[in-house]
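Quick note on labels: first sequence line is chain A, next is B, and so on, each numbered from 1.
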Amino acid sequence: MAASGSTDLSTTPGGHAGGKAYYVSTPIYYVNDAPHLGHAYTTVAGDVLTRWHRQRGEKVWYLTGTDEHGQKVMRTAQTNGVTPKEWADRLVETAWKPLWEHLEIANDDFIRTTQERHTHRVQEFVQDLYDKGEIYKGSYEGPYCVGCEEFKLPGDLIDGTGEYEGQKLCPIHGRPVEMLSEDNYFFRMSAYTERLLEFYAANPDFIQPASARNEVLKFVQQGLQDLSISRSTFDWGIKLPWDPAHVLYVWVDALLNYATAVGYGADQAKFDATFPADVHLVGKDILRFHAVIWPAMLMAAGLPLPGKVFAHGWLLVGGEKMSKSKLTGISPHQLTDHFGVDAYRYYFMRAIPFGQDGSFSWEDFTARYTSELANDFGNLASRVAAMVGKYFDGTLPAATADGPAEEALHAALANAVKSADSKVEQLDFQGALDDVFGFVKLVNGYLTEQEPWKVAKDTSEEGQARLATILYTAAESLRGLAVLLNPVMPATAEKLWASLGAEAHLGALPAQRVQDAGTWGQLPAGATVTKGEILFPRLEEKKDS
RNA sequence: GGGGCGGUAGCUCAGCCGGUUAGAGCAAGGGACUCAUAAUCCCUCGGUCGUGGGUUCGAGUCCCACCCGCCCUACCA
């Protein structure tokens, strides 16, 4: 997949004068099914984060991909009468990649766990651990459902009633499970309990938010058990090099994507310049794999540990986690068809604190779209461009009469930039957008107070200078907003950039440094301002649901 | 069973180590304005802070019990 432009490792072979890339990952998604809102939520967040960092001029690497091994994929493929690989190919090409393109995700790479660059390196990795004595052969005993042909987790089982009173039943088949054992290879994870605890203590920001950190700490403090890392009851997976009768446990396989995708064992220069990840974005459900198993694996291999594992919350509908089985499933396309891609990206970043569960609804989306995007922001761009067109024939005039009101806006923009920047750094997207839209509100208020439409009737030199100053101030404010909103709403920000005639003087929008966005007076007088299309048209009608 | 999180205006949420009349945004009502996407700006309305006790001079804010929602985890083998 094409890189987004600013990241170019080829220019600095070996040396990397620019230092290590800011490396962000999403989980690799299980191709068992098509992507849903939750996947898109994580991926959009990572995209906003990495676009922001790119606009700070940093070298960035944003990785996503798909997890294609495991029994569920195999079974789904069988049900559909195709091989697992064919099934994965189909979903990746017709569902996953198209959705990321649709949502304007600028990932630098897309890894699939069935690719050779992954499977071969994974085999080398586990062979290395095996040679080091980190992996041993043992046997696993657990409840097994004959109907499912797989081991169940004790927590998945349900209590039997009636003729099965006192027994544990498979939740799918409703029949008693039996205890079976199979030979497995185990990773000596128990040996890493103390080292992990020390690591967490030394790196208090490693797991965020705090609620997630607490859960992991409590879990690890109970002491870790060795991890079964192989299966021999099915074969859709990566074979253990020393015992091909076993395939690697899908999670060990999956976690290693973060290393294999950036050159582990294949391209040392790229690996050194990228690994480890600065931020692993994960959902709460897979926190433990990333905050416990993955670091333990890296410790065993002697590799550096990631900077941060950030567990975001669930999207809730009516207080419940979204799921198709509960008929609350809404596809990303249903939302983007109605609201547009940029509004979609904006909405989830703005409405829900990253790291917490958040309620989402069609009504809330509609309300925010109308109030924040159309009325506050879109209309601001519209009224400013209209007045520059009406009073100055579309040529941006110079500000020559700055007063307290203007200076207040200069300072407000600088503050918004500074504050938003630090909040994005902490993955507080909601807070950052709060800062940006607080500034939007100030600019609207500024126009209402200065009443340029009244000043325009004053044809004296002072009056015209005043009018010019007001409109320049408003337009320059929009220039700052275009830069700040580009990582979140790239298509819209680009429209605004074009409307301001900024590119001719300042260059391409993505090249604007976010840390300079608050520097006043960048948009030059003489720029050609055009009204352009409405950024956020009013929504036609409320869709019933 | 154990642990965690949450229950604050119609809606979504802020309220740090307890301290004057509990805040914001949206929605609703009124006013101002007309450059603009019938948009903007100002004002107003609106809460027994899940329930019941307790500690304290004073509790949304600490303690106990309970109710409701969600999450993690265990087990009676």
Side-chain angles (χ1 to χ4, degrees), chain A residues 141-143 153-160 165-168 176-179 209-222 225 283-288 291-292 311 313-323 326 347 350-353 355-392 430-431 433-434 437-438 440-457 467 470-471 474-475 478 499 529 531-540:
Chain A
E141 183 178 276
L153 294 172
D156 290 339
L157 302 177
I158 55 177
D159 291 313
E165 185 70 41
Q167 300 185 70
K168 280 296 183 182
V177 293
E178 48 192 276
M179 295 303 285
S211 54
R213 172 183 160 82
N214 291 338
E215 261 188 28
V216 171
L217 285 183
K218 284 231 169 70
F219 173 73
V220 177
Q221 280 163 358
Q222 295 168 6
Q225 300 192 333
K284 289 193 300 187
D285 53 335
I286 56 173
L287 172 64
R288 190 173 299 169
V292 180
W314 299 127
L315 300 182
L316 306 177
V317 174
E320 289 184 39
K321 183 185 171 186
M322 296 195 53
S323 72
K326 287 179 181 169
Y347 175 69
R350 175 65 194 269
I352 298 167
Q356 291 181 38
D357 291 352
S359 290
F360 140 82
S361 69
W362 192 277
E363 290 71 22
D364 186 53
F365 197 161
T366 302
R368 285 189 182 273
Y369 179 98
T370 301
S371 169
E372 297 166 8
L373 294 178
N375 294 353
D376 289 348
F377 174 56
N379 181 58
L380 173 63
S382 186
R383 65 197 301 209
V384 171
M387 284 191 278
V388 174
K390 188 169 185 174
Y391 304 133
F392 293 96
Q430 183 188 53
L433 284 170
D434 251 336
F437 277 72
V440 168
K441 211 145 185 69
L442 287 181
V443 181
N444 271 321
Y446 167 80
L447 287 177
T448 298
E449 283 177 28
Q450 301 307 318
E451 303 178 306
W453 47 91
K454 281 188 181 169
V455 177
K457 292 171 183 162
L467 177 62
I470 294 166
L471 293 184
L478 288 174
S499 158
V529 176
K531 183 112 189 282
E533 64 181 297
I534 296 294
L535 297 182
F536 295 100
R538 298 189 67 74
L539 297 168
E540 284 306 315

Quick one: label K454(A) by what it contacts on the DNA or RNA (base, sugar-phosphate, nothing), any heavy atom closer than 4.0 Å.
->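 Contact class for K454(A): sugar-phosphate only.
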Which is true for N214(A) with a 4.0 Å heavy-atom rule: it touches a base, it touches only sugar-phosphate, or it touches nothing?
->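 Result for N214(A) = nothing.
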Tabulated below should be each protein N or O lying under 3.5 Å from an N or O of nucleotides 8-14 of chain B; please produce it.
| residue | atom | partner | partner atom | Å |
| --- | --- | --- | --- | --- |
| rA14(B) | OP1 | Q356(A) | OE1 | 3.2 |

Could you grab the distance from atom CH2 of W453(A) to atom CG of L467(A), nearest 0.5 Å is fine?
->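 These two atoms lie 11.0 Å from each other.
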Can you measure from CZ (F437(A)) to CG (L380(A)) and round to the nearest 0.5 angstrom?
->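 F437(A) atom CZ to L380(A) atom CG measures 10.0 Å (nearest 0.5 Å).
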Do any side-chain nitrogens or oxygens of K441(A) fall under 4.0 Å of OP1 or OP2 in rG25(B)?
->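 The answer is no; no side-chain N or O of K441(A) sits under 4.0 Å from OP1 or OP2.
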Using only side-chain N and O atoms of N444(A), determine if any of them is under 4.0 Å from OP1 or OP2 of rA39(B).
->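 Answer is no, no contact under 4.0 Å.
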Note, RNA chain B 5' to 3' with Watson-Crick or G-U pairs under 3.5 Å encoded as ( ), [ ], | and . gives (((((((..((((.....[...)))).(((((.......))))).....(((((..]....))))))))))))....
From rA36(B), rU37(B), rU34(B), pick the nucleotide closest to the side chain of W453(A)?
->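 Comparing rA36(B), rU37(B), rU34(B) against the side chain of W453(A), the answer is rU34(B).
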Proximal nucleotide (of rC26(B), rC35(B), rC41(B)) relative to the R383(A) side chain |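 Output: rC35(B).
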Spacing of the P atoms in rU55(B) and rC63(B) (rounded, Å) |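 Here rC63(B) and rU55(B) have their P atoms 15 Å from each other.
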Whole-Å P distance, rC62(B) and rC16(B) |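 It works out to 8 Å between them.
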How about R288(A) and V216(A): do any of their side-chain heavy atoms sit closer than 4.5 Å?
->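 Of all side-chain heavy-atom pairs linking V216(A) with R288(A), none is under 4.5 Å.
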Is there a donor N/O on one and an acceptor N/O on the other, under 3.5 Å, for the side chain of N379(A) and the base of rA39(B)?
->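 Flag unset: no donor-acceptor pair detected.
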